[in-house]
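In listed order, ligands and their atoms are each counted from 1. Because the structure is a prediction, the values reported are computed rather than measured. All residue numbers in this chain count up from 1 along the given sequence.
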Amino acid sequence: MNQAQATPDATLCPLDVESVRKDFPALHQKVNGRPLVYLDSGASSQKPEQVIDAVQAYERRDHANVHRGVHTLSQRATDAFEGAREKVRSFVNARSVREIVFTRGTTEAINLVAQSYGRSRLASSDEVLVTEMEHHANIVPWQLLCGQTGATLKVVPFDDNGELIMARFKELLSSQTRIVALTHVSNTLGTVNPVHQIIRMAHEAGAVVLIDGAQAVPHSAIDLMALDCDFYAFSGHKLYGPTGIGVLYGREALLDAMPPWQGGGDMIKSVRFSGSTYNDLPYKFEAGTPHIAGAIGLGEAVDYVSKLGMDRIAAHVHKLLDYATAQTERVSGMRVFGNAPGKAGILSFELQGIHAHDLGTILDHEGVAIRTGHHCAMPVMEHYAVPATARATFALYNTRAEIDSLFAAIDKAREIFHT
Ligand code: 7TS
């Protein structure tokens with residue numbers, strides 16, 4: 001399976017969404033007098049009680065710094081923090097906890113690779129290959145790196161359907177390509193990229209591959225051993241966990257050979273003015289006191305989705321997407337961006353005659369939260385020559401009734417604008 005492309009399996013027992021929704025306190029509120037319909041989980045998902053409770057339990061009872069004290073609280077905090085690392089390792093099927101580096105999120109993980117791996121290895125004759133559908137977090141760090149090293153940034157385009165043009169990828173990939181960095185799932189188009197094929201081809205060309213998994217990890221099971229990429233990045237807050245915590249997976253041999261990118265406590269073995277030695281993996285890349293509560297919350301979020309089953313979550317979200325996509329066909333003047341087969345639960349669109357921001361405001365009056373703007377993917381907007389799109393994203397707690405509310409609110413907006 002192309003991991004994020006979890007084709008709904010009819011034999012799976014469906015999610016009991018009404019029961020799942022009870023776990024998410026934020027969903028049970030009114031916004032502008034209407035029941036909240038939260039369709040912005042692609043930007044950040046809501047958290048279940050289990051995650052909130054785990055964070056609170058740590059803050060109320062177990063808080064102390066990690067890796068430093070022999071006292072009981074420090075040991076409890078360290079056990080919980082390192083326990084979370086093991087949960088994450090198992091969740092993404094990495095070989096070792098040494099390959100799981102906690103970061104602030106996807107953005108920091110990518111910057112870490114650009115600055116540590118990239119800066120120590122790239123020269124002016126080298127190339128970095130990204131795609132036209134990347135989030136800015138997977139563009140700007142490479143632009144900075146290219147500015148620092150003189151390397152060149154190359155871009156694989158996508159077609160109007162939202163699929164990468166693989167023929168162009170093959171042309172652009174060469175022995176000069178040192179790093180291929182691409183998103184597993186596009187945050188604007190929902191496209192699930194053929195990452196297995198890309199990783200294999202990039203490796204044959206001698207390049208390392210970083211996959212931005214920010215939108216893929218919440219949508220389907222990820223098996224990093226099977227994927228065989230060199231780096232994989234994702235964020236906790238899109239996976240029903242806290243903000244300010246994320247993960248960089250790195251192949252152990254690569255991480256081992258990379259220089260640290262930030263210096264400070266915890267990342268050293270010894271410090272002398274004549275020179276310092278660095279800690280073992282993954283601590284070499286975790287300078288300073290980490291986001292302990294965040295990691296514990298992420299570990300709990302991983303437990304939560306694992307218990308529900310990533311395959312069942314994927315099947316549920318695909319059904320919602322199919323249901324919503326069928327409804328788009330009856331709305332005149334609605335243009336959907338991204339129609340790749342097997343795409344993830346992301347619906348980007350525009351309505352003729354209504355600016356996306358106006359639409360977002362009207363929908364908010366109806367209690368419906370969607371995202372409007374460029375979604376930190378300006379090159380995608382440029383591709384379609386639009387300033388912004390409206391985007392609804394579907395998560396494990398969304399229902400068909402909520403999609404009905406979305407389309408009822410869209411009808412209302414069209415009435416207001418006489419479109
Ligand atoms: N990569 C992708 C594919 C993303 O969707 C995002 C965030 C990031 C990287 C950055 O993640 P962070 O947690 O480090 O900020 N995407 C979005 C979005 O689509 N709307 O708001 C944030």
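- A donor atom on one side chain and an acceptor atom on the other are found under 3.5 Å apart for Asp23 and Tyr304.
- Residues His196 and Asp228 bring no donor and acceptor atom of their side chains to less than 3.5 Å of each other.
- Using modelled atom types and a 3.5 Å distance limit, the side chains of Tyr249 and Asn93 yield no donor-acceptor pair.
- Arg414 has its side chain within reach of Val331: a pair of non-hydrogen atoms, C-beta onward, lies under 4.5 Å apart.
- Under a cut-off of 6.0 angstrom, the local environment of CD in Glu171 is crowded, with over 12 non-hydrogen atoms contributed by other residues, nucleotides or ligands.
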Can you produce the list of protein nitrogen or oxygen atoms under 3.5 Å from a nitrogen or oxygen of ligand 1, alongside each distance?
unit_1: ligand 1; atom_1: 1 (N); unit_2: Asp212; atom_2: OD1; d: 3.2
unit_1: ligand 1; atom_1: 1 (N); unit_2: Asp212; atom_2: OD2; d: 2.5
unit_1: ligand 1; atom_1: 5 (O); unit_2: Gln215; atom_2: NE2; d: 2.7
unit_1: ligand 1; atom_1: 13 (O); unit_2: Ser235; atom_2: OG; d: 2.7
unit_1: ligand 1; atom_1: 13 (O); unit_2: His237; atom_2: NE2; d: 2.7
unit_1: ligand 1; atom_1: 14 (O); unit_2: Thr106; atom_2: N; d: 3.4
unit_1: ligand 1; atom_1: 14 (O); unit_2: Thr107; atom_2: N; d: 2.9
unit_1: ligand 1; atom_1: 14 (O); unit_2: Thr107; atom_2: OG1; d: 2.6
unit_1: ligand 1; atom_1: 16 (N); unit_2: His135; atom_2: NE2; d: 3.4
unit_1: ligand 1; atom_1: 16 (N); unit_2: Lys238; atom_2: NZ; d: 2.8
unit_1: ligand 1; atom_1: 19 (O); unit_2: Asn187; atom_2: ND2; d: 2.8
unit_1: ligand 1; atom_1: 19 (O); unit_2: Arg391; atom_2: NH1; d: 2.6
unit_1: ligand 1; atom_1: 19 (O); unit_2: Arg391; atom_2: NH2; d: 3.3
unit_1: ligand 1; atom_1: 20 (N); unit_2: Arg391; atom_2: NH2; d: 3.3

Which atom pairs, donor and acceptor, lie under 3.5 Å between side-chain atoms of residues 345-360 and protein residues at least two apart or in another chain?
unit_1: Ser348; atom_1: OG; unit_2: Thr188; atom_2: O; d: 2.5
unit_1: His355; atom_1: ND1; unit_2: His357; atom_2: N; d: 2.9
unit_1: His357; atom_1: ND1; unit_2: Thr372; atom_2: OG1; d: 3.0

